[in-house]
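Below: one structure, written as structure tokens.
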Amino acid sequence: MKEGKILVVEDELSIRKLIAFNLQRSNFEVIEAGEGKLALQLAKEHQPSLILLDLNLPDADGFELCAKLTERHPGTPIIIVSARGQDMEKIMGLELGADDYIVKPFNPLELVARIRSVLRRTAQTIKEVNPDLVKTGPFQIELKTQRVYKAGKLMRLTTREFQMMKFFTEKLNEPITRDELLDEIWGLNYFGDPKTVDVHIRRLREKIEDDPSNPSFLKTVWGYGYSFFDEDAQ
């Protein structure tokens with residue numbers, strides 16, 4: 001039985017074939033795309049378990065493509081694989097919905113390990129079958145359907161953002177460190193940059209807060225971490 005279906009979006013044929021070979025050898029099914037338009041089409045047709053995305057494509061800006069894929073397939077994790085390794089580019093990729101960012105050249109074994117790590121975290125959320133609702137302030141969280149509503153309006157959250165929202169509401173008004181968030185949401189064996197916590201916090205605030213720069217719910221606990229505030233739960 002295959003471990004998952006991976007869409008590899010990479011315009012350089014030799015690199016794409018090398019990635020595909022290593023994934024197939026590791027028991028993954030592989031779909032290949034060398035351009036952005038084809039990637040969008042294949043993602044829609046095949047519903048992959050995970051997307052590996054290069055940023056330098058002949059017909060599309062990789063960051064814009066990442067945003068489109070995240071919007072159209074919010075439950076599908078994305079790992080950016082790129083030669084562009086500046087911190088700001090990593091942060092931009094994470095802000096646009098990527099779950100991880102790997103800089104070329106990379107170790108093929110590490111790539112497979114990161115893919116499996118991301119898939120495990122995604123599967124853990126998908127397996128959540130508790131039908132009960134969690135309500136806090138204006139928010140209603142459906143654990144079974146992974147939907148979050150604010151004042152009756154559906155919030156378009158990614159799988160990772162839903163995991164964070166669920167974890168915060170389990171610990172209302174409790175300060176949570178960045179390390180706790182990494183362990184809970186990204187897993188104990190997370191390989192990536194710890195800065196990803198702050199990036200995802202910022203993205204989540206942009207979706208749930210009326211004024212993200214002055215949050216009413218997801219607050220910073222200076223020198224410690226973050227806390228989700230609900231005065232009625234005190």
Side-chain angles (χ1 to χ4, degrees), residues 1-84 93-94 96-129 144-146 156-163 185-192 196:
M1 183 177 178
K2 296 294 184 181
E3 290 195 42
K5 185 187 299 183
I6 311 299
L7 172 57
V8 180
V9 186
E10 166 65 61
D11 67 320
E12 291 192 34
L13 181 60
S14 59
I15 297 177
R16 190 169 74 243
K17 291 301 181 183
L18 176 62
I19 293 174
F21 172 76
N22 281 284
L23 291 178
Q24 290 166 343
R25 189 172 62 175
S26 300
N27 203 33
F28 288 100
E29 180 180 349
V30 178
I31 309 162
E32 300 179 39
E35 56 184 29
K37 183 177 180 181
L38 180 58
L40 291 171
Q41 177 184 332
L42 293 178
K44 181 178 179 181
E45 291 178 358
H46 294 274
Q47 298 296 309
S49 308
L50 182 143
I51 299 171
L52 288 180
L53 176 63
D54 181 32
L55 294 178
N56 296 322
L57 300 171
D59 67 333
D61 177 85
F63 289 123
E64 291 181 3
L65 182 58
C66 180
K68 286 182 180 178
L69 288 167
T70 300
E71 180 180 358
R72 299 181 186 184
H73 309 279
T76 304
I78 298 172
I79 297 179
I80 291 176
V81 182
S82 175
R84 295 155 63 175
L94 295 169
L96 292 173
D99 294 81
D100 203 351
Y101 195 114
I102 300 176
V103 178
K104 299 176 183 176
F106 55 84
N107 184 318
L109 294 178
E110 180 183 351
L111 177 63
V112 172
R114 290 208 192 187
I115 288 172
R116 285 177 171 150
S117 178
V118 170
L119 288 175
R120 281 196 300 270
R121 296 194 301 267
T122 304
Q124 186 175 17
T125 298
I126 292 174
K127 290 178 181 178
E128 176 62 70
V129 296
K144 185 175 182 180
T145 62
Q146 299 182 49
R156 297 181 66 87
L157 304 186
T158 65
T159 299
R160 185 63 47 72
E161 290 163 354
F162 174 84
Q163 290 176 313
I185 309 300
W186 281 264
L188 294 172
N189 297 318
Y190 177 63
F191 292 96
T196 190

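We count residues from 1, following the sequence as given. The structure displayed is predicted, hence computed values, not measured ones.
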Discussion item. Could you tell me if the side chain of T76 sits less than 4.5 Å from the side chain of L69, heavy atoms only?
Written reply: no
Discussion item. Looking at K104 and D54, is any side-chain nitrogen of the basic one under 4.0 Å from a carboxylate oxygen of the acidic one?
Written reply: yes
Worksheet item: Step by step, would you call L111 with N22 a side chain to side chain contact (heavy atoms under 4.5 Å, CB included)?
Response: CA-CA 9 Å; L111 177 63; N22 281 284; over 6 Å; no
Worksheet, complete the sentence: Interatomic distance, CD@Q24 vs CD@E29, rounded to 0.5 Å, equals 9.0 Å
Worksheet entry | Closest non-hydrogen atom pair between A98 and C66, with its separation | N-SG, 3.9 Å
Worksheet item: Any donor-acceptor pair under 3.5 Å linking the side chain of R156 with the backbone of E71?
Response: yes
Worksheet item: Taking the side chain as C-beta and beyond, is there a heavy-atom pair between L96 and T70 under 4.5 Å?
Response: no
Practice prompt. Would you confirm whether S117, through its side chain, and A113, through its main-chain N or O, come within 3.5 Å as a donor-acceptor pair?
Written response: no
Worksheet entry | 4.5 Å side-chain heavy-atom contact, L23 and V8 | yes
Fill in: Closest heavy-atom pair and its distance - G34, L57
O-CD2, 4.3 Å
Worksheet item: Are Y101 and R84 close enough that some pair of their side-chain heavy atoms sits under 4.5 Å apart?
Response: yes
Fill in: L55 versus S82, closest heavy-atom pair with distance
CD1-OG, 3.7 Å
Worksheet entry | Atom of A33, atom of L42 and distance for their closest heavy-atom approach | CB-CD1, 4.0 Å
Practice prompt. Please lay out, stage by stage, how E3 and L119 fare under the test side chain to side chain contact (heavy atoms under 4.5 Å, CB included).
Written response: CA-CA 9 Å; E3 290 195 42; L119 288 175; 5.8 Å; no
Worksheet item: Shortest non-hydrogen contact from S49 to G4?
Response: OG-CA, 3.6 Å
Discussion item. Less than 4.5 Å apart, side chain to side chain, heavy atoms only: is that true for V112 and F28?
Written reply: yes
Worksheet item: Does E64 pair with K68 as a salt bridge, N-O distance under 4.0 Å?
Response: no
Worksheet item: Taking all non-hydrogen atoms of both residues, which atom of P77 and which atom of V118 are closest, and how far apart?
Response: CB-CG1, 3.4 Å
Discussion item. Check whether D59 reaches the backbone of G36 with its side chain - one donor and one acceptor, N or O, closer than 3.5 Å.
Written reply: yes
Practice prompt. For residues I102 and L52, determine if any side-chain heavy atom of one lies less than 4.5 Å from a side-chain heavy atom of the other.
Written response: no
Practice prompt. Report the distance from atom CD of Q41 to atom NE2 of H46, rounding to the nearest 0.5 Å.
Written response: 8.0 Å
Item to complete: With the side chain counted from C-beta on, respond yes when Q47 and K5 share a heavy-atom pair under 4.5 Å apart, and no when they do not.
Response: no
Discussion item. If I take atom CD1 from residue I6 and atom CD from residue E32, how far apart are they, to the nearest 0.5 angstrom?
Written reply: 12.5 Å
Response to the item:
So CG of L53 and CD of E10: to nearest 0.5 Å the spacing works out to 9.5 Å
Worksheet item: Which value, rounded to the nearest 0.5 Å, describes the distance between D99 atom CG and T196 atom OG1?
Response: 8.0 Å
Worksheet item: In Å, rounded to the nearest 0.5 Å, how long is the span from CZ of F106 to CG of L18?
Response: 6.0 Å
